[in-house]
Amino acid sequence: MTTLATVDRSDMLGAIATLPSQLRDGLVRSEDVRVDIENSWPADSHAGVARPRTLVVCGMGGSGVGADLLVAAFQLRSPVVPVKGYDLPEWVSDEDRVVCVSYSGETSETLSCMRAAMERSVVAAVITTGGKLASIATAQDIPVVTLPGGMQPRAAVGVLFGALAGVAEALNVVDHAGEVVEEAARGAESVIEQHGTTGDALAEGDDAPPALRFARELDGTVVCVYGSGPTAAVAWRWKAQINENGKLPAFANAYPELNHNELVGWERATTGGTRWSLIELVSADTSSPVRARMDITRELIASEVGATLRIEAVNTSRAGSVFELLTWGDYVSVYLALLAGIDPSPVERIRSLKDQLAGR
Ligand code: F6R
């Protein structure tokens, strides 16, 4: 008999259940180098200015999403600018600070930003398990927040986020990191507790965990995930998780902007026989004008879209709702793989692309 463990060989389902402990662990790990991070912004040498003008966070894929989630979950005291590419923006200067995040420590885009940031002497810290990023930083006495190894980067989102929250707090860019990380952990827990006993096989009917039931509704469709404000970052995480865990195309967009372009694109969405489904991510921060847009959009695209699921966060804190909705997406994406009998963990195409680039 095919059991879940023989398909989910690296236990991606189990990794989701560790999100709350990861979040707390990430914050603790940042404390090991907190004083060094604080010293990377000595206010007295910046005319008494207590914090950097902007915090630039460089990282790709699963390592980059932490920056988007930081913006979504916290009230920021300075802007946080995620950079997902090779180049550090030209405006980054001594008034700003840069954090480079790479789970493996080997990602070429992040290493390229790290070199540029070092040339400008603006690196506050790196967050990584090791690799070149850790070596370069250590050689220059730059603080390293060391992550636990052995995971897929995207499955380490909890520890990555907790660590980044701690770094941002040490730089005075956010307050109350401990409370916010705790809210995030409770948000994740509220979904995990509904998925505690998965058993050996994929349960049927009412015995199935709720995210598996959602995945069954979405199976065989191309999923579009729509959010707004803080939930827009989560929509993007859903899309990336459906890509990497489910090995499926998926799309994300945000209200109200999508009402000014993508709405029209639905008109011919079913040309060629593609079946679509829509997930809407809603939280206490979703305003009534945006909710009205969601209702009207749903009606306008009703004949093009199959399943439409609106997931409304139960947790009312910003961080709690962000991590609650994120955890739903992580489960759904893993179940989409398991329904197809596919191991969610390996990302062969990313590995192959990185290998081919290294050979050039
Ligand atoms: C794989 C994953 C990828 C990586 C990305 C960058 O699980 O999530 O999106 O995160 O290829 O690699 P790292 O995280 O090692 O810098």
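First listed ligand is number 1; within each ligand, the first listed atom is number 1.
- Contact annotation: the side chain of Ser30 never approaches that of Glu169 to less than 4.5 Å [non-hydrogen atoms, C-beta and beyond].
- Each ring-ring contact (aromatic ring centres under 6.0 Å, His included) pair with one or both residues in residues 248-273, not counting sequence neighbours, appears once here: Tyr226-Tyr255, Trp266-Trp276.
- In terms of the salt bridge (charged side-chain N to carboxylate O under 4.0 Å, His left out) criterion, Glu90 has no residue partners (sequence neighbours excluded).
- Taking Phe161 as the reference, Phe323 meet the ring-ring contact (aromatic ring centres under 6.0 Å, His included) condition, with sequence neighbours excluded.
- Under a hydrophobic clustering in which Ile, Leu, Val, Met, Phe, Trp and Tyr are joined whenever their side-chain heavy atoms come within less than 4.5 Å, directly or via other members, Ile301 and Leu309 fall into different clusters.
- Taken together through direct or relayed side-chain contacts under 4.5 Å among Ile, Leu, Val, Met, Phe, Trp and Tyr, Tyr103 and Leu27 form part of one hydrophobic cluster.
- Within 4.0 Å of ligand 1, heavy atoms belong to protein residues Met60, Gly61, Gly62, Ser63, Ser102, Tyr103, Ser104, Thr107, Gln152, Pro153, Arg154, Glu244, Ile350, Lys354.
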